[in-house]
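One structure is given below, encoded as structure tokens.
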Amino acid sequence: MTSQPERHSQPARRAVLGTALGGAAAAALPGTARAEEPMHSSGAAGRPWKLRDTMTTDGAWARFLNDQDLLWSRLPTLWYEGPFLGDGQLGSMIYQEPGANQIRFTVQHGRVQDHRPEFGSGWGTCRLPVGHLTLEPAGTITAVDWRLSLWNAELTGTVTTTAGTLTLAALIHDEVLAVRVKAAGGERATWTFHPAEAISPRKISEAPPAGYTANPAWTTRTTTDGTEQVLQPLTGGGQTATAHRRTGDDLLLSVGHSHPSGTAAEADSLRNLRRAKSYSTLRRRHTDWWHAFYRKSFVSFPDQRLQSFHWIQLYKVASASRAGGPVMATSGPWLEPTPWPAVWWNLNVQLEYWLIHGFNHPELDSLATTLRQNQEQLIANVPAAYRADSSGVGRSSDMFANRSVGRPGTGAETGDLTWALHNVWLSYRHSMDRSLLRDTIYPVLRRAINYYLHFLTPGSDGKLHLPSTLSPEYPVVPPQDTNYDLALIRWGCQTLLDSAELLAIEDELAPRWQEVLARLTPYPVDANGFMIGADTPYAQSHRHYSHLLMVYPLYLVNWDQPENRDLITRSLVHWHALTGAHRGYSYTGAASMYAMSGDGDTAITYLRKFFDPTTRYPCRANTHYTEAGPVIETPLSASQSLHDMFCQSWGGVIRVFPAVPTAWADLTLHNFRTEGAFLVSAVRKAGATRFIRVRSLAGEPLKLRHGLTGQLTAVLDDGTPARTHDLGDGTLAIDLPRGREVLVHTGSRPDLSIAPVAVSEPGPAWGLP
């Protein structure tokens, strides 16, 4: 075994990380003085300018998103073939009832779980199934013609049978599933709700643990207004209640869940139905929400199939997550039989949320709100001896992060909370919401890093070493110094130092964090690149890239460090040379890492492996994904891989079009959100960037790697030249006050239109067209 040499002195290393925080903290750090030098004005004074956004009307959006819709010309028979609906809590997938001439509408809810932690997250606090509806036609189904409209977040279409036609429409809003079915000819629509047994979906892979008792059977009742309710009491306390009512052609259904109350769910489900009133009433509120939602950002590129996929992922994540709601489990709100009916913290939850930032949708971040709301549980998760100053979470948990974490030295997986906090830090960096930093990131990260500090010990080399921990999910435990944890410790200590400075906190632990950064053992490496840990080479196929976190997404070792480029490349090549365990996210991760290096053609080659039906675990017909059960994170991470090709913002620098594949000559970005709380709009035509517009939401320092060639013009929105400073390497520092915009281009002022680009790579619609 060899070890990676120290790359920087401590002050320089602090600068590399510190600039990522921006603001006063970054400006005060060693190594950033150049950005503080006087700026010169750029561009001649001229007339004010404004983008010409063609995507401002309902009609423009409806036409564009219509081309991204999922279509069905035959009846889906599996969950990963069918339409899906959701509102961040209630979810439904639509496909043929197995073995029957019926259509199933699954009914699942992100808050519905068991409450018996003594049986673990797989059984005791797992997500619990609710049930499903069946639509039972009079005749035999012969054809379907369905469209899942992204613009309206609504399924519409027809079911043709030997007796006639059923015309249906369905949506979910405010925790109500609403379906309207009109019958013609000799057809009629019959609905039946089938409650599911309240037992872990994990039963498909193993027997219940010893001592486990089944939850009680459900009961049913009918209210005075004809609403039918299924009431499911739980042995661990609490209740699930499913209420449904049919009025004419409309069926409305809602699910409530309460704990510890054994009755509140019953009232909640009825109240949701009363508030919905009818399909038409609910639809108006529903479409108002979605139409406003989509307008927050825009992206268009010439590959039709991937472009459609990308917009479907935005629809999917908004259907699966809303801030303040349940953190996404492995299957989101669409529970199916699975070995993983819980929240997984060692990769899944992190990948699920990356795409919301570039898409400019912080309102979808239920991960940040989950960690904020469950800080006491995170403390309770560590062994009692460490609860005074530490926090953590185990590999999988319920929506309240209830899962104990093991001790370093026992081969336990201990870094998952720290990695999840990196996601919340990304939310801070993209919003510059100081309250998020002060109230969530700083206190929880301080405790997560403290847990590590209890176990770091000096070795004979004078370096600090970490005893045995697991690299998720590599089958060999290193004797010490697992790279997964070393990367997280480095990131965590540096982020705490930068955050304390920004928040003006004189923390008594700051000297300890500085000592750790100065003395922590280097990352173990060998001739093939980064190892799993000390004396533990990467020697067998590994689906996770946990040993490469320092490269992505932490960017501690990155392409802007020329001395590390060979190490990064060797590590990537060797990781993918051993293929047996690779999964879909192995390809999306590689795509993002190659995008960091600016190699868009290799990045898209890896990303396309996820869409190749001959691979072992490809993207499925409706853009969902399955291994031994549904897993939602991989398609969502594929959208982040596209974002990494279009725009990156790590290390305090915004990189516009850093890794666009050669084949994509045209590309439009609008209001793409970056770190520093900037909104970037940019247009690429015929393989060249035509202009970049940046709007500052927080007044943070702006460093723009623009990719333009020739004499630059940088002009503010009132037509006055911007104060700029050339930082070299194609990077421009721009003085951009909060609330202002800057336009950067070369030559004469270009056409400033924001519009869809023409498709040059046609492809079929998703679904079963």
Side-chain angles (χ1 to χ4, degrees), residues 62-63 65-86 91-107 132-172 177-194 244 246 248-253 279-280 283 304-305 308-309 311-312 315-316 319 334 336 613 618-624 626 630 762-769:
R63 286 190 295 274
L65 287 179
N66 182 74
D67 290 337
Q68 323 310 326
D69 288 348
L70 299 95
L71 306 176
W72 287 264
S73 61
R74 64 184 191 271
L75 185 63
T77 60
L78 299 162
W79 65 265
Y80 54 74
E81 293 179 341
F84 53 97
L85 307 167
S92 181
M93 286 186 157
I94 298 96
Y95 53 95
Q96 183 179 2
E97 178 72 4
N101 182 55
Q102 301 169 1
I103 298 171
R104 170 183 288 203
F105 286 70
T106 67
V107 175
H132 66 275
L133 288 160
T134 50
L135 173 60
E136 301 154 13
T140 301
I141 298 171
T142 58
V144 299
D145 183 7
W146 293 352
R147 174 183 291 269
L148 179 54
S149 165
L150 301 185
W151 175 236
N152 292 321
E154 182 181 36
L155 174 66
T156 59
T158 58
V159 179
T160 304
T161 77
T162 53
T165 302
L166 299 174
T167 301
L168 66 85
L171 56 84
I172 292 178
L177 168 63
V179 188
R180 173 171 287 174
V181 179
K182 295 180 178 292
E187 259 304 339
R188 67 178 188 276
T190 301
W191 287 101
T192 304
F193 179 69
H194 307 266
H244 58 99
R246 185 172 180 185
D249 295 328
D250 294 357
L251 181 139
L252 302 180
L253 178 147
Y279 190 96
S280 297
R283 187 181 188 277
Q304 176 58 46
R305 183 125 167 116
S308 173
F309 169 86
W311 282 97
I312 294 167
Y315 163 79
K316 183 189 294 178
S319 299
W334 302 291
E336 293 279 340
C619 189
R620 297 296 188 166
N622 63 0
T623 80
H624 279 268
T626 181
W766 293 89
L768 298 175

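Everything numeric here is computed off the predicted structure, so don't read it as measured data.
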Donor on one side chain, acceptor on other, Thr156 and Glu154, under 3.5 Å: no

Distance-only side-chain donor-acceptor flag, Thr161 / Glu187, under 3.5 Å: yes

Using side-chain heavy atoms (C-beta onward) and a distance below 4.5 Å, is [X] in contact with [Y]?
X      : Y      : result
Trp766 : Leu70  : yes
Arg180 : Ser280 : yes
Val107 : Phe193 : yes
Leu75  : Ile103 : yes

Which atom of [X] lies closest to which atom of [Y], heavy atoms considered:
X      : Y      : result
Phe84  : Thr623 : CZ-OG1, 4.4 Å
Ala138 : Gly186 : CB-O, 4.1 Å
Ala153 : Leu85  : O-CD2, 4.2 Å
Leu135 : Phe105 : CB-CE1, 4.4 Å
Ala621 : Leu768 : CB-CD2, 4.0 Å
Thr158 : Trp146 : O-NE1, 3.3 Å

Verdict with reasoning, Leu133 to Leu177, per side chain to side chain contact (heavy atoms under 4.5 Å, CB included): CA-CA 11 Å; Leu133 288 160; Leu177 168 63; 3.9 Å; yes

Could you give the distance from [atom1] ([X]) to [atom2] ([Y]), rounded to the nearest 0.5 Å?
X      : Y      : atom1 : atom2 : answer
His132 : Met93  : NE2   : CE    : 15.0 Å
Thr192 : Glu136 : OG1   : CD    : 3.5 Å
Ser319 : Leu150 : OG    : CG    : 9.0 Å
Asp145 : Thr167 : CG    : OG1   : 10.0 Å
Asp67  : Leu65  : CG    : CG    : 9.0 Å

Check whether [X] reaches the backbone of [Y] with its side chain - one donor and one acceptor, N or O, closer than 3.5 Å.
X      : Y      : answer
Ser92  : Thr106 : yes
Gln304 : Ser308 : no
Thr160 : Thr142 : no
Asn101 : Ile141 : yes
Arg305 : Pro762 : no
Tyr279 : Ala170 : yes
Asn622 : Gly82  : yes

Pairs satisfying side chain to side chain donor-acceptor pair (under 3.5 Å), at least one member in residues 69-82, at least two apart: Asp69-Arg147, Thr77-Glu81

His244 ring center near Trp191 ring center (under 6.0 Å): no

Whether Trp334 and His624 hold their rings parallel, tilted or perpendicular, with breakpoints at 30° and 60°: perpendicular

Result of checking Arg104, Gln102, His194 against Glu97 for side chain to side chain donor-acceptor pair (under 3.5 Å): Arg104

